[in-house]
Chemist: 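Just dropping this structure here.
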Amino acid sequence: MLRDLDGQVLDRSGAWFIHHGRDVEMNWHGGDPVGRHTPNERFYVRNHSDPPLLDATSWRLTVHGEGVERPISLALDELKSMDQITVDRAVECTGNGRRLFEAQQGVRLPGTQWGLGAIGLARWTGVRLKDVLAVAGMRDSAVQVMPSGLDADYVDDGVDYGRVRRPLPLDKALSDDVLIAWAMNDQPLPRDHGFPARLVVPGWVGIASIKWLGDIEVQTTKVDSPWNTRWYRLQGEGFDATNSDLGRMPVKSMIDLPPDAELPRHRTISLAGWAWSGEAAIARVEVSDDDGATWGQARLVGANEPSCMTRWEFDWRCDVPGRHELLVRATDTDGRTQPREAAINQDGYLFGAVVRHSVTVN
Ligand SMILES: Nc1nc2c(c(=O)[nH]1)N[C@H]1C(S)=C(S)[C@@H](COP(=O)(O)O)O[C@H]1N2
Ligand SMILES: [Mo]
């Protein structure tokens, strides 16, 4: 039976999700339009194993390792008594858009065939990771932190890879942006999203945002985990030790139209969608209906913050009936622009290319 101190279990049936085995993708067009905040009931879920049922009263977070002066163990109440912050930030799976490698570039890559719905933006409440690390006292010799989850050891093909964990370099770990969150859109974290507390590492690959956080080891040497070596690394032709590490997410965009939408001719249509970028805001969004020969400038509307989604709008009129392809291209405030093609890598990470959207004009 579910008690108040357990994470809420949300219903994942219905048209709000596209199901991929144990993972669920937000269906952008499965119901009411999604606003800037993704409701918890619609937020994508990516779990390596069954979500654990943790009890908030006995839960503790330990911070330990050679890189700290004193190991600490904090209860949820103790964490909540520290300086709280509430921020809007997106979390996005590294493989978001993987399906598009096949749809647009003809190469099917293994893994969950996500469309573009493995992203969500929530209002997270928690404490800064750096404030928690400061309580333990960081030594000068610290080089990285290794947060791990309290979910079961991840077993794949008979091999036990241990707890889900991934090294986080010190400069990111100590940035103002990284938090240990216990609330998502003003609700306690649902069970699927890491109850009672998770890391939120904005702008970075989703795997960095360790859920059901239980333990943070502060390390004085670079230690790897399978989640930055075997997976969540760019591998294959063209990648070597110098360019295969994954951290920051690229700039991306989507158009808010159902697949194969039908649109009227001889009428101005207000197209809209979202653009987002890891650790940057959006500088501009452009739309093309001639395969990228010419681009029209979209308007950016409302909030535009780094590692968040920004709304864009574009008036489009078409007088030629038949099938058309709309291309949307975003550029972030660091000057990164979506390329025509994404770099093929063996696990299909970081699909950041311009997305082609077919519409029929009647
Ligand atoms: N402990 C733990 N943390 C985890 C995972 C997991 O399986 N176990 N999945 C990661 C991955 S791959 C992603 S994309 C995000 C998904 O977060 P969400 O399910 O809240 O959307 O959590 C990350 N943190
Ligand atoms: Mo992910």
Side-chain angles (χ1 to χ4, degrees), residues 7-10 12 16-26 34 37-54 59 61 89-99 109-124 126 146-156 161-168 178-185 187-216 225-228 230-233 246-247 249 278 307 347-351:
Q8 195 192 354
V9 177
L10 299 171
R12 305 296 183 187
W16 280 0
F17 292 102
I18 300 163
H19 288 257
H20 304 277
R22 86 163 64 239
D23 301 333
V24 295
E25 169 176 358
M26 173 180 63
V34 186
H37 292 95
T38 316
N40 294 356
E41 298 71 37
R42 294 187 68 171
F43 210 98
Y44 85 98
V45 178
R46 161 65 171 124
N47 291 339
H48 279 70
S49 28
D50 286 334
L53 171 56
L54 301 180
W59 177 86
L61 171 66
R89 291 290 181 262
V91 172
E92 181 179 15
C93 187
T94 325
N96 192 26
R98 184 179 285 120
R99 189 178 69 74
L109 297 165
T112 303
Q113 295 299 301
W114 303 112
L116 280 177
I119 183 170
L121 183 152
R123 215 174 110 81
W124 305 100
M146 182 76 81
S148 24
L150 294 168
D151 40 345
D153 283 7
Y154 181 58
V155 179
D156 185 36
Y161 293 95
R163 299 276 188 196
V164 176
R165 65 198 186 281
R166 188 173 203 263
L168 186 63
V178 175
L179 65 156
I180 301 172
W182 55 79
M184 179 176 181
N185 294 320
Q187 299 291 316
L189 286 179
R191 188 189 304 176
D192 271 332
H193 298 292
F195 182 87
R198 76 178 298 172
L199 214 53
V200 176
V201 182
W204 271 47
V205 288
I207 185 63
S209 293
I210 295 292
K211 302 191 277 190
W212 312 287
L213 185 63
D215 173 296
I216 300 172
S225 95
W227 286 271
N228 73 317
R230 184 179 174 93
W231 309 289
Y232 303 100
R233 164 157 224 101
L246 284 176
M249 291 294 280
S307 309
D347 295 303
Y349 296 131
L350 307 192
F351 184 90

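Every number for a ligand or one of its atoms is a count from 1 in the order of the listing.
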Chemist: Applying the side chain to side chain donor-acceptor pair (under 3.5 Å) criterion to N47, which one of K211, R22, R191 satisfies it?
Modeler: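 Result for side chain to side chain donor-acceptor pair (under 3.5 Å) with N47: K211.
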Chemist: Salt bridge check, R163 against D215: does any charged N sit closer than 4.0 Å to a carboxylate O?
Modeler: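 Salt bridge absent between D215 and R163.
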Chemist: Under 3.5 Å, is there a donor-acceptor pair linking the side chains of H48 and W227?
Modeler: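 There is such a pair between these side chains.
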Chemist: Show your reasoning for whether side-chain contact (heavy atoms from CB on, under 4.5 Å) applies to I18 and W114.
Modeler: CA-CA 9 Å; I18 300 163; W114 303 112; over 6 Å; no
Chemist: Tell me which residues fall inside the under-4.0 Å heavy-atom shell around ligand 1.
Modeler: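 Heavy-atom contacts below 4.0 Å: F43, Y44, V45, R46, N47, H48, C93, G149, D151, V164, H193, R198, G206, I207, S209, I210, K211, W212, Y232.
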Chemist: Heavy atoms, side chains only, cut-off 4.5 Å: are R12 and D192 in contact?
Modeler: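 Yes, at least one pair of side-chain atoms sits under 4.5 Å.
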Chemist: Using the test ring-ring contact (aromatic ring centres under 6.0 Å, His included), find all partners of W16 that sit at least two apart in sequence or belong to another chain.
Modeler: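 Counting only residues at least two positions away or on another chain, W16 forms no ring-ring contact (aromatic ring centres under 6.0 Å, His included).
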